[in-house]
Amino acid sequence: MSNRTRKNRYELRKKYRRRRLIAFFSTLIILLAALFVGISWWVAKEKVAEPVTPKATAKKEPKQVEKPKQPEQTKEIVRNQEIDTYLKQIGFSGTAVVVREGNTVLNKGYRDANRITHVKNTPDTVYYIGSAQKAFIATAILQLEEKGKVKVTDSVQKYLPEFEAHITLNDLLHHTSGLVGHTEENVATTPKALVADIIKQGTKRGPGKWDYLDSNYTVLAYLVEKLSGESLSEYLKENIFKPAGMKTVGFYQTFKKEKGASVGYYIKKDGRYSEPSLPDLSQLFGVGNMYMSAFDMYLFDKALSSRKILSENSFQKMFTKGSSSGYGMGFYVDPGSYNNHGILNGWNVSNSMSHTGKTYVVLFSNIQNNIDSFGKVNNHIYEILNK
């Protein structure tokens, strides 16, 4: 066989093998493509047959933003509307804060903060809180006890030698001291002068009988300064206001400088409003010369209830009745709630929180006498919340 013939046969075999390889790979590609199409069809069929789960639906819902939904009528919205309507009906003028289980049901201002300029009351409006200030003084004394600087069972004489020996700090805190007390005058004074006059006036009876008296807490406020080495305003700022998150709070010297300061009013018999005169508020040291917003009062209540500014032991002392009056330390202890009140010429405030710490109702008004009983208003709001 010639070399040429062998070469031709070799070329034919080589060409034949190449065709076989091409045919093999072509067939393989067709089979793989058919397999891919078959699998895709099967998966698609399974997806169509697969039941729709709540989870799958939840993922698709956020994308449907073209048609905004109307808000649901939740309990909070219904309660807000009912309380709002009620406060308008009774002519409430001020700011109301209602918090239930961490939800702010209401934080709203009503009517005018200033009846001449017609500036409205808002959630940022500030009001004098009157005797509700006593709760802050009681808190400060209990804090100082926790720091080992005083004991509420101690005689006041231990810290103020001129005081009668049988009166304890507990007597002052519970209004059972028997003191005659200081008579307020419309002149500037100092804490030291106030306490000196209280000591000079003496007692009308021995300790034990409840007799609500500002002078009890004036002495306690003075002791806060004496035991802490700070002014009362500075102590409260660092140990109560800041930890509680209170930002719109202060004392009478700066009240009129506040952008949201309310004007206090009194309604005369003929229906006209007047601005009652105020005494020199240095006379109300520790017992009525503080101001704040209604929401700040809620923050204070919440800090107490959560044990943020008092220990459990101190909290229990504060909210234990000290007499048949139901007064604890700065608060009245009622069956379902803790309450305190405050009135200053032109202003009227009511502050309440449930024993459980789930409900807070704060009412700050800049009309002193247009509502007969804020206690009844407070109770009605609780009834609405409990429906």
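Heavy atoms only: backbone and side chains are in, while hydrogens, waters and symmetry mates are out.
- No path of Ile, Leu, Val, Met, Phe, Trp and Tyr side chains, each step under 4.5 Å between heavy atoms, connects V97 with F92, placing them in separate hydrophobic clusters.
- Around atom NZ of K204, more than 12 heavy atoms belonging to other residues, nucleotides or ligands sit under 6.0 Å away.
- Side-chain contact annotation: S311 with N313, donor-acceptor N/O pair under 3.5 Å absent.
- Residues L144 and S228 come closest through the heavy atom pair CD2-CB, 4.3 Å.
- F295 contributes atom CZ, which lies 7.5 Å from atom NZ of K302 (distance to the nearest 0.5 angstrom).
- Put simply, CG on L278 and CD on Q283 are 12.5 Å apart, with the number rounded to the nearest 0.5 Å.
- Under a cut-off of 6.0 angstrom, the local environment of NZ in K151 is sparse, with at most 12 non-hydrogen atoms contributed by other residues, nucleotides or ligands.
- Closest non-hydrogen pair, L385 versus R79, comes out as O-NH2, 3.0 Å.
- Residue pairs that meet the side chain to side chain donor-acceptor pair (under 3.5 Å) test with at least one member in residues 243-256, sequence neighbours left out, are T254-Y291.
- Under the 4.5 Å side-chain heavy-atom criterion for grouping Ile, Leu, Val, Met, Phe, Trp and Tyr, V377 is not connected to Y360 through any hydrophobic cluster.
- For the residue pair N339 and S337, a side-chain donor N or O sits within less than 3.5 Å of a side-chain acceptor on the partner.
- In this model, a donor atom of one side chain and an acceptor atom of the other lie less than 3.5 Å apart for Y110 and D84.
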Q: Walk me through it: do F374 and H341 pass the test ring-ring contact (aromatic ring centres under 6.0 Å, His included)?
A: CA-CA 9 Å; F374 271 95; H341 316 93; 9.1 Å; no

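- The closest side-chain donor-acceptor pair between D124 and S293, if any, does not fall under 3.5 angstrom.
- Ring planes of Y332 and Y212: parallel class, angle under 30° (limits at 30 and 60°).
- Sorted by first and then second residue, the pairs that involve residues 216-225 and meet side chain to side chain donor-acceptor pair (under 3.5 Å), not counting sequence neighbours, are H175-N216, S177-N216.
- Remark: D270 does not engage K268 in a salt bridge, criterion side-chain N to carboxylate O under 4.0 Å.
- Applying the 6.0 Å contact sphere to NZ of K108 captures more than 12 heavy atoms from other residues, nucleotides or ligands.
- Paired with V249 under the rule side-chain contact (heavy atoms from CB on, under 4.5 Å), one option of M297, M292, K237 passes, and it is M292.
- One hydrophobic cluster, built from ILVMFWY side chains closer than 4.5 Å, cannot hold both I343 and F251; they sit in different ones.
- The aromatic rings of Y338 and H355 sit parallel, their planes meeting at an angle under 30°, below the 60° perpendicular limit.
- Between the side chain of N121 and the backbone N or O of D112 there is at least one donor-acceptor pair closer than 3.5 Å.
- Here the OG-CG distance, from S323 to D171, works out to 10.5 Å after rounding to the nearest 0.5 Å.
- By the neighbour-count criterion of 12 heavy atoms within 6.0 Å, atom CG of D372 is sparsely surrounded, having that number or fewer from other residues, nucleotides or ligands.
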